[in-house]
Amino acid sequence: SGVPTAEEGELEPRGAYGIAGLTLAQTSSSFVGLGYWRSGSDGTSEIVLDVLDTVTGERDRDPWIISPTAGTRGSVDLAADDDGAGIVYSFGDRTAHQLWFQQLGPDGRPALVKSGLSVGGPAEPSRFVGAPRNAVDTSIAKLPTGFAVAYRSLPGPGLLEPRIHMQLLGLTEDLKGGSDIALANEYGGRTTIETGFDGRIVMAWSDTAEDGQTKSTAVKLPCFGAL
């Protein structure tokens, strides 16, 4: 019905951090993941994952700093369904940004590694974009057996112009392929990507020109099915 189920709660006091790029995904019937970029007065920039109670909206535990060096253009996004959840995020500095993936369990903690009937320790994060690519403005969507990730590739070695790129990941962050989607501007904000139950993908992004004018673009991609 859209009626709040609990009182509004303050997660961070005013002025404690600079916060941007909030993103939400429900990882189970009990928990919601809240990811965001934050900066401190000491110049730090971090990617943080909060896990909230689905009924009260209150924190279930202390915030998880998953990237202590997010860079000035750090970004984060979450995606989840009944088959799994994942988070993509930046690790970088003023000149370069890597992109990392972390598989999540229903409780918003690192997923347990499964091999056949065996269950091991928590899954480690993995880098899926690194040098010579330099990537920002990432977003993620769930596919039946994996994830589709969009991001903006910035100029660098072997890349003369910014481009929008898509990467396909398996449930356990193994790379399944990728594609350059379109030319883009260097600035424009976070991309967005959504998928249908049958694997259809739609991506959108905005580009900001030097004169400050902004345009938005959306594209429908071929059906990737189950990767």
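For the pair Ala85 and Ala80, the tightest heavy-atom approach, listed with the atom from each and the gap, is CB-CB, 3.5 Å. Scanning all heavy atoms of the two residues, the minimum distance from Ile47 to Ala70 falls at CG1-CB, 3.6 Å. Nearest approach of Lys142 to Ala79, heavy atoms of both residues: N-CB, 3.8 Å. Of all non-hydrogen atoms in Ala148 and Leu168, the two that sit nearest each other are CB-CD2, 3.9 Å. Taking both residues in full, the closest heavy atoms of Ala123 and Pro110 are given as O-CB, 3.8 Å, listed atom of the first, atom of the second, then distance.
Using modelled atom types, one finds no donor on one side chain facing an acceptor on the other under 3.5 Å when comparing Asn185 with Thr208. No hydrogens or angles considered: nothing links the side chains of Trp100 and Gln102 as a donor-acceptor pair under 3.5 Å. Residues Thr192 and Ser139 have side chains that never bring a donor and an acceptor to within less than 3.5 angstrom of each other.
In this structure, the side chain of Ser153 does not engage the main chain of His165 through any donor-acceptor pair within 3.5 Å. With hydrogens and angles disregarded, no donor-acceptor distance shorter than 3.5 Å links the side chain of Ser179 to the backbone of Ile181. Using modelled atom types, no side-chain atom of Ser90 and backbone atom of Gly92 make a donor-acceptor pair closer than 3.5 Å. One N or O on the side chain of Thr27 and one on the backbone of Pro106 form a donor-acceptor pair closer than 3.5 Å.
A distance of 7.0 Å separates NE2 in His97 from CG in Asn134, rounded to the nearest 0.5 Å. Put simply, CD1 on Ile164 and OG1 on Thr217 are 8.5 Å apart, with the number rounded to the nearest 0.5 Å. In this structure, CG in Leu49 is found 7.5 Å from CG in Leu34, a value given to the nearest 0.5 Å. Note: Arg200 CZ to Thr195 OG1 = 10.0 Å, rounded to the nearest 0.5 Å. Atom CD of Glu10 and atom CD of Glu58 lie 13.0 Å apart (nearest 0.5 Å). Rounding to the nearest 0.5 Å places CG of Leu78 at 8.0 Å from CG of Leu24.
Residues Phe101 and Phe147 place their aromatic rings such that the two centres sit under 6.0 Å apart.
Cluster membership check: Trp64 does not share its hydrophobic cluster with Leu11, using side-chain heavy-atom separations under 4.5 Å among Ile, Leu, Val, Met, Phe, Trp and Tyr. The same ILVMFWY cluster, assembled from side-chain heavy atoms under 4.5 Å apart, contains both Leu143 and Met166. Under the 4.5 Å side-chain heavy-atom criterion for Ile, Leu, Val, Met, Phe, Trp and Tyr, Ile65 and Tyr36 are members of the same hydrophobic cluster.
Using a 4.5 Å heavy-atom cutoff, the side chains of Phe128 and Leu169 are in contact. Contact of the Ile201 side chain with the Lys220 side chain is not registered, since no non-hydrogen atoms from C-beta on lie closer than 4.5 Å. Residues Thr138 and Val76 have side chains not in contact (no heavy-atom distance under 4.5 Å, counting atoms from C-beta outward). With contacts defined as side-chain heavy-atom distances shorter than 4.5 Å, the pair Ile66/Val48 does not qualify. No side-chain heavy atom of Val149 sits less than 4.5 Å from a side-chain heavy atom of Ile193. In this structure, the side chains of Asp50 and Leu52 come closer than 4.5 Å at one or more pairs of heavy atoms. The shortest side-chain heavy-atom distance between Arg61 and Asp107 falls under the 4.5 Å cut-off. Inter-residue side-chain proximity for Val88 and Leu99 is flagged as unmet; no heavy-atom pair is nearer than 4.5 Å.
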### Query
Trp205 and Val219: side chain to side chain contact (heavy atoms under 4.5 Å, CB included), yes or no, with the steps?
CA-CA 9 Å; Trp205 66 92; Val219 296; 3.9 Å; yes
### Task
Assess whether side chain to side chain contact (heavy atoms under 4.5 Å, CB included) is satisfied between Val129 and Tyr151, documenting all intermediate values.
CA-CA 10 Å; Val129 177; Tyr151 59 90; 3.6 Å; yes
For residues 38-46, which side-chain donor-acceptor pairs fall under 3.5 Å, sequence neighbours excluded?
residue: Arg38; atom: NE; partner: Glu46; partner atom: OE1; Å: 2.8
residue: Arg38; atom: NH2; partner: Glu46; partner atom: OE1; Å: 3.2
residue: Asp42; atom: OD1; partner: Thr44; partner atom: N; Å: 3.2
residue: Asp42; atom: OD1; partner: Thr44; partner atom: OG1; Å: 2.9
residue: Ser45; atom: OG; partner: Gly71; partner atom: N; Å: 3.0

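Of the charged side-chain nitrogens involved, at least one lies within less than 4.0 Å of a carboxylate oxygen, so that Arg152 and Asp207 count as a salt-bridged pair. Between Arg59 and Glu12 there is a salt bridge, since a side-chain N of the basic residue sits under 4.0 Å from a carboxylate O of the acidic one.
The salt bridge (charged side-chain N to carboxylate O under 4.0 Å, His left out) check on Arg73 picks up Asp137, with sequence neighbours excluded.
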